[in-house]
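Below, read A as the first sequence line, B as the second, and so on, with proteins coming before strands; counting in each chain starts at 1.
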Amino acid sequence: MSTTDATHVTASYHPAEVERKWQQRWEEQGTNRWTAGELRSADRPFYNLMMFPYPSAEGLHVGNIYAFTGADIYGRFKRLQGHQVFEPIGFDAFGIHSENYALKQGINPMELIPRNVERFTAQLRRVGLMYDWSHSVDTTRPEYYRWTQWVFLQLYRAGLAEKKEAPVNWCPGCNTVLANEQVIGGLCERCDTPVEMRFLSQWFFKITRYAGRLLENLKTLDWSDTTRKAQENWIGRSEGAELAFPIARRRVADDRHEPAQLHDEKPVIRVFTTRPDTVFGATYMVLAPEHPLVDRLTSAEQREAVEAYRRQAASQDLVTRKKTDKTKTGVWTGGYAVNPASGQDVPVWIADYVLMEYGTGAIMAVPGHDERDFEFAAQFGLPIVRVVAGEGDDGDTPLAEAYTGPGRLVNSGRFDGMEVAEGKRAITEWLAGMGLGEQRINYRLHDWTISRQRYWGPPIPILYCDACGIVPVPEDQLPVELPFIQDYKPDATGVSPLARHEEWYRTTCPSCGGEARRETDVSDTFLDSAWYFLRYPSTDFDQVPFDPQLTRHWLPVDSYIGGNEHAVLHLLYARFVTMALHDMGLLHFEEPFTRFRAHGLIVKDGSKMSKSRGNVVNPDAYIAEWGADTIRTYLMFLGPYQEGGDFRDSGITGPYNFLTRLWDSVLTSEERPIDPAVEQKLHATIRKVTEDLESLSYNTAIAAMMEYLNTVRAGGRTPERAAVEPLVRLVAPFAPHLAEELWERLGHAQ
RNA sequence: GCGAAAGUGGCGGAAUGGUAGACGCGCUGGUCUUAGGAACCAGUGGCUUCGGCCGUGGGGGUUCGAAUCCCCCCUUUCGCACCA
């Protein structure tokens with residue numbers, strides 16, 4: 001007997017019909033929506049998060065669908081396991097990318113972006129994702145960025161936001177400052193223009209204060225290895241010592257200059273080194289051309305050459321400057337410093353191979369044991385002294401190249417004979433005793449520049465008052481709304497377009513009532529996304545950024561899935577902001593994402609999708625032709641989810657045929673006892689699919705289901721109802737519409 | 001240079017110490033059909049004297065047994081990169 005009514009004609013599989021029906025029903029019945037009360041009372045909460053998209057004008061990309069579907073499948077799996085799954089989505093719509101596009105179109109982003117959001121929303125609704133649209137966020141809405149500004153103020157109060165004059169990355173293409181993380185190989189991440197170094201007064205977040213903890217905590221996180229490693233490298237911990245080389249006063253010919261403003265008033269050059277054991281071999285010093293002590297050290301005779309060199313270095317973009325293979329250049333300042341170990345005067349040079357942004361911006365040069373210093377010394381005829389002798393090395397033969405291996409110290413006074421490791425410790429201790437050094441851990445990580453001289457972002461909630469100085473905008477006056485202006489185009493002046501609008505920036509000081517001026521820079525988009533996951537559960541509340549009770553109930557995030565391109569950007573910033581809010585007592589956890597998995601990249605026919613190649617997959621057309629269920633299943637079947645895959649049109653028929661066969665099998669199935677061999681295979685399949693879902697091995701889960709269906713239908717046999725009914729549940733995370741329809745046709749109320 | 005991942009049929013990939021190539025695409029043959037770029041069934045790593053032999057980038061090793069573990073080399077992709 002057929003499971004369907006004898007008079008009922010078994011219709012063939014029409015995805016469009018089925019999908020329309022179920023999307024509508026889910027919407028009407030609020031299947032995926034949560035009320036505030038339901039969120040509060042959920043007893044097995046599972047927060048399933050995916051990286052929210054930037055709503056580009058091109059519309060939803062197949063890569064977005066790949067990312068979201070993989071995350072959605074995991075959420076649906078958890079729901080089938082009895083969890084109450086909260087799966088929100090939103091839009092990361094502020095930022096240079098959006099703004100640049102608006103500029104190109106000549107449409108104000110305030111008008112353009114909402115259209116993109118609308119289009120994205122419509123496209124996303126067709127994919128069959130279990131989003132709770134009632135808890136969505138859009139970072140460009142005042143009701144959202146009000147709280148982004150609030151986050152800024154909390155960091156400011158905690159002393160973690162600071163305005164300072166500093167060398168920053170300036171993109172002449174985008175006319176704005178960029179965070180270090182947004183400079184890729186010396187180029188702007190958005191427009192590929194070579195980035196320049198400028199000295200500007202900017203707002204910074206002191207993420208470096210958290211460097212140690214950000215690094216340490218990584219060990220405790222259940223994250224993709226690649227992502228963890230990327231953060232580890234980015235934070236870049238190195239152990240060593242900071243040593244002080246006093247300036248040799250008598251040798252400074254030109255003393256008209258005021259003493260330099262360093263961290264203290266002592267006329268010393270501070271250097272960071274990982275090799276304090278080689279300090280006896282430091283035969284010269286090099287400062288970055290921008291180093292504040294250069295003026296003080298430069299002699300009258302050398303001034304012209306030094307100035308010329310500094311001008312030249314300043315004019316170079318970062319790509320040219322950081323080329324490792326170019327020959328070393330540099331100029332002697334005419335000044336000397338005292339090697340604190342050997343007591344000898346060593347000449348002080350400037351050279352662009354020393355970077356102002358790392359360490360102290362100055363190095364002690366040990367040509368005998370550092371490749372770069374050796375190259376520089378060889379080029380300029382500076383003395384090379386050996387202070388480490390390797391195995392079977394008499395310590396006398398002149399070095400043909402820098403020796404960086406292990407060995408014992410030589411030419412190092414009473415430290416001669418010590419092993420490198422011992423020497424490091426002993427020499428650091430000795431110099432520390434004289435107040436000329438200390439053990440030090442240095443991080444590659446920089447403070448996070450968050451000022452952007454652009455229009456399309458949340459205004460930084462700060463006022464400048466002649467009487468009171470820097471004044472934070474009172475929290476009850478938030479948001480500081482971004483005004484609608486026509487001339488939002490950025491320029492090379494180093495200030496935001498908002499600085500052209502006096503009517504906007506002129507205001508009164510909340511503490512003295514006098515005249516004040518608003519900060520006209522906006523904040524980095526990455527601040528918007530550094531806390532959005534805190535907002536989702538609490539979008540029903542407009543008087544707090546995140547409701548304490550809901551936050552305690554739902555956070556940290558249980559599963560987070562996204563692209564690895566954010567390994568050092570978003571994922572690091574979100575961790576920092578969370579940690580800072582935790583330290584202020586505002587959050588009960590310090591790591592936002594318990595589990596993170598990076599998905600792979602989708603390519604088309606073996607090459608990266610790009611507009612110029614003309615091989616960008618338009619997901620709408622594919623969904624219209626094959627149905628969302630087929631596209632979802634196909635994308636997951638392409639290859640291991642965490643490695644990505646190659647989208648080829650010819651492959652879609654496989655998953656499509658599978659779903660069609662499943663449809664037919666269910667609707668023609670018979671009510672009869674299940675064959676024991678089939679039953680055994682069924683249980684093996686359930687087990688396999690369950691394990692694969694947990695590990696995101698979606699491709700093999702699908703393969704297992706196909707294999708099982710092949711067994712069920714082997715030799716053209718009619719399937720037993722008991723053989724196919726469980727398969728409908730197994731396939732549900734992948735093809736939710738089809739599964740619901742079949743489940744209903746099998747006589748189950750949903 | 002440093003760090004990470006990977007190299008398996010015509011193609012995407014499966015198998016992490018135990019029958020290599022699951023599953024799918026493609027291809028071949030068949031059934032049905034007026035027809036089929038539909039559906040269904042069967043086959044499909046290479047060589048073969050039909051006994052078998054060879055086969056997971058290359059070379060060596062451990063093991064009763066290696067795609068899988070170890071050593072050396074080659075190639076590709078990604079991240080970081082004059083980081084002191």
Side-chain angles (χ1 to χ4, degrees), chain A residues 12 180-181 183-186 224-238 240-243 271-276 278 282 285-288 318-330 351-366 369-373 375-376 402 404 440 442-446 564-565 567-568 598 600-601 603 605-606 608 633-634 637-640 642-658 660-661 664 688 692 697 699-711 713-717:
Chain A
S12 50
N180 223 33
E181 287 81 356
V183 181
I184 313 293
S224 290
D225 247 21
T226 49
T227 316
R228 246 193 333 218
K229 261 281 180 287
Q231 286 212 353
E232 214 176 289
N233 286 344
W234 188 262
I235 296 169
R237 178 183 200 271
S238 38
E242 186 170 302
L243 305 180
V271 300
F272 173 74
T273 177
T274 54
R275 295 295 304 274
T278 62
M285 298 188 79
V286 187
L287 307 189
L318 292 183
V319 202
T320 324
R321 167 133 181 207
K322 292 197 175 178
K323 267 254 162 54
T324 47
D325 52 357
K326 75 171 190 196
T327 32
K328 299 270 181 292
T329 59
D352 64 3
Y353 82 92
V354 173
L355 308 171
M356 194 59 221
E357 70 264 22
Y358 185 75
T360 61
I363 60 158
M364 64 175 205
V366 184
H369 307 284
D370 180 280
E371 286 165 28
R372 293 153 303 174
D373 297 344
E375 194 193 323
F376 191 83
T404 55
R440 167 100 193 248
N442 200 53
Y443 295 96
R444 217 190 67 103
L445 185 69
H446 291 43
N564 224 3
E565 68 273 16
V568 293
L601 211 71
V603 297
D605 299 319
K608 218 173 163 168
T633 309
Y634 171 60
F637 186 60
L638 279 180
Q642 293 178 68
E643 287 169 34
D646 189 3
F647 191 105
R648 289 171 198 263
D649 293 3
S650 61
I652 302 176
T653 50
Y656 179 75
N657 289 343
F658 165 64
T660 306
R661 270 157 60 83
D664 292 341
K688 168 81 175 150
D692 283 355
S697 308
N699 57 330
T700 51
I702 294 165
M705 290 188 281
M706 288 172 165
E707 199 179 331
Y708 174 64
L709 188 60
N710 289 345
T711 305
R713 310 227 347 192
R717 70 197 279 281

Asker: Does the protein touch nucleotides 15-22 of chain B at the base, only the backbone, or not at all? Give it as B, S and - per nucleotide, heavy atoms under 4.0 Å.
Answerer: -------B

Asker: How far, in whole Å, is B:C73 from B:G9 if one measures between their C1' atoms?
Answerer: 26 Å

Asker: Could you report the tightest heavy-atom contact between A:Y358 and A:R444, atom names first, then the distance?
Answerer: CE1-CA, 3.8 Å

Asker: Could you check how far CG of A:N564 sits from C1' of B:G79, rounded to whole Å?
Answerer: 9 Å

Asker: Name the residue closer to the 5' end of RNA chain B, choosing between A:V568 and A:G644 according to the nucleotide with the nearest heavy atom.
Answerer: A:G644

Asker: A:E357 has an atom CD; how far is it from atom C1' of B:A81, in whole Å?
Answerer: 12 Å

Asker: Please examine the side chains of A:T278 and A:M364, heavy atoms only from C-beta on, and report whether any two atoms are closer than 4.5 Å.
Answerer: yes

Asker: Can you check whether A:F637 reaches A:M706 side chain to side chain, under 4.5 Å on heavy atoms?
Answerer: yes

Asker: Could I get the full list of salt bridge (charged side-chain N to carboxylate O under 4.0 Å, His left out) partners for A:R713, not counting sequence neighbours?
Answerer: none

Asker: Does A:G361 or A:A230 map to a spot on RNA chain B nearer the 5' end, using the closest nucleotide for each?
Answerer: A:A230

Asker: Take nucleotides 27-32 of chain B nucleotide by nucleotide from the 5' end and write B, S or -, depending on whether a protein heavy atom sits under 4.0 Å from the base, only from the sugar-phosphate, or from neither.
Answerer: ------

Asker: Just checking A:L638: base, sugar-phosphate only, or nothing, at a heavy-atom cut-off of under 4.0 Å?
Answerer: sugar-phosphate

Asker: Can you measure A:D352 atom CG to B:A84 atom P for me and round it to whole angstrom units?
Answerer: 18 Å

Asker: Considering only B:C83, B:G79, B:C80, which nucleotide approaches the side chain of A:I184 most closely?
Answerer: B:C80

Asker: Would you compute the distance between atom CE of A:M705 and atom CG of A:D692 and round it to the nearest 0.5 angstrom?
Answerer: 9.0 Å

Asker: Taking only residues two or more places apart in sequence, or in another chain, which ones meet A:E707 in a side chain to side chain donor-acceptor pair (under 3.5 Å)?
Answerer: A:K681

Asker: Give me the stems containing RNA chain B, sorted by first residue, counting only three or more consecutive Watson-Crick or G-U pairs with both distances under 3.5 Å; say none if there aren't any.
Answerer: B:1-7 with B:74-80, B:10-12 with B:23-25, B:26-31 with B:39-44, B:45-47 with B:52-54, B:57-61 with B:69-73

Asker: Please list, for nucleotides 6-11 of chain B, all pairs of protein and nucleotide N/O atoms separated by less than 3.5 Å.
Answerer:
none

Asker: With respect to the side chain of A:Y358, which nucleotide from B:C25, B:G24, B:A84 is positioned closest?
Answerer: B:A84

Asker: Please enumerate all residues that pass salt bridge (charged side-chain N to carboxylate O under 4.0 Å, His left out) together with A:D373, with sequence neighbours excluded.
Answerer: none

Asker: Over all strands shown, is A:V354 touching base, sugar-phosphate only, or nothing at heavy-atom distances under 4.0 angstrom?
Answerer: base

Asker: Between B:A4 atom P and A:E232 atom CD, what is the distance in whole Å?
Answerer: 9 Å

Asker: Taking atom types as modelled and ignoring hydrogens, do the side chains of A:N442 and A:S238 form a donor-acceptor contact shorter than 3.5 angstrom?
Answerer: no

Asker: Taking OH from A:Y708 and P from B:A14, how many angstroms apart are they, rounded to a whole number?
Answerer: 24 Å

Asker: Where the side chain of A:S238 is concerned, which of B:G79, B:C83, B:A84 is the nearest nucleotide?
Answerer: B:A84

Asker: With A:D370, which residues qualify under side chain to side chain donor-acceptor pair (under 3.5 Å), at least two apart?
Answerer: A:R372

Asker: Is there a ring-ring contact (aromatic ring centres under 6.0 Å, His included) between A:Y634 and A:F647? Walk through the geometry before answering.
Answerer: CA-CA 9 Å; A:Y634 171 60; A:F647 191 105; 5.3 Å; yes

Asker: Can you figure out which of B:C25, B:C80, B:A84 approaches the side chain of A:T653 most closely?
Answerer: B:C25

Asker: Considering only the C1' atoms, how many Å lie between B:G59 and B:C41, rounded to the nearest integer?
Answerer: 46 Å

Asker: Can you sort out the partners of A:T227 under side chain to side chain donor-acceptor pair (under 3.5 Å), two or more places apart, ordered by chain and number?
Answerer: A:N564

Asker: May I ask you to test the A:T329-A:D352 pair for a side-chain heavy-atom distance under 4.5 Å?
Answerer: yes

Asker: Does A:V354 reach the side chain of A:L287, with side-chain heavy atoms less than 4.5 Å apart?
Answerer: no

Asker: Indicate yes or no: at least one non-hydrogen side-chain atom of A:M285 is less than 4.5 angstrom from one of A:I363.
Answerer: no

Asker: A:W234 CH2 to B:G3 C1': how many Å, rounded?
Answerer: 14 Å

Asker: In whole angstrom, give the distance that lies between atom CD1 of A:I702 and atom P of B:A14.
Answerer: 12 Å

Asker: Considering only B:A14, B:C23, B:A84, which nucleotide approaches the side chain of A:N710 most closely?
Answerer: B:C23

Asker: Could you check if the base of B:G21 is syn or anti? Syn means the glycosidic torsion is within 90 degrees of 0.
Answerer: anti

Asker: State which residues pass side chain to side chain donor-acceptor pair (under 3.5 Å) with A:T660; sequence neighbours excluded, sorted by chain then number.
Answerer: none

Asker: Yes or no on side-chain hydrogen bond (donor to acceptor under 3.5 Å, both in side chains) for A:R661 and A:N710, after CA distance, side-chain angles and deciding distance?
Answerer: CA-CA 9 Å; A:R661 270 157 60 83; A:N710 289 345; 2.6 Å; yes

Asker: List for me each residue that meets salt bridge (charged side-chain N to carboxylate O under 4.0 Å, His left out) alongside A:R228, sequence neighbours excluded, and say none if there are none.
Answerer: A:D225

Asker: What string of B, S and - do you get for nucleotides 38-43 of chain B 5' to 3' if you count protein non-hydrogen atoms under 4.0 Å?
Answerer: -SSS--

Asker: Syn or anti for B:G9, please, going by whether the chi angle lies within 90° of 0.
Answerer: syn

Asker: Can you tell me the distance, in whole Å, between the OH atom of A:Y353 and the C1' atom of B:C82?
Answerer: 9 Å

Asker: Does NZ or CZ of A:K328 come closer than 6.0 Å to the centre of the six-membered ring of A:Y353, within 45° of the ring's axis?
Answerer: yes

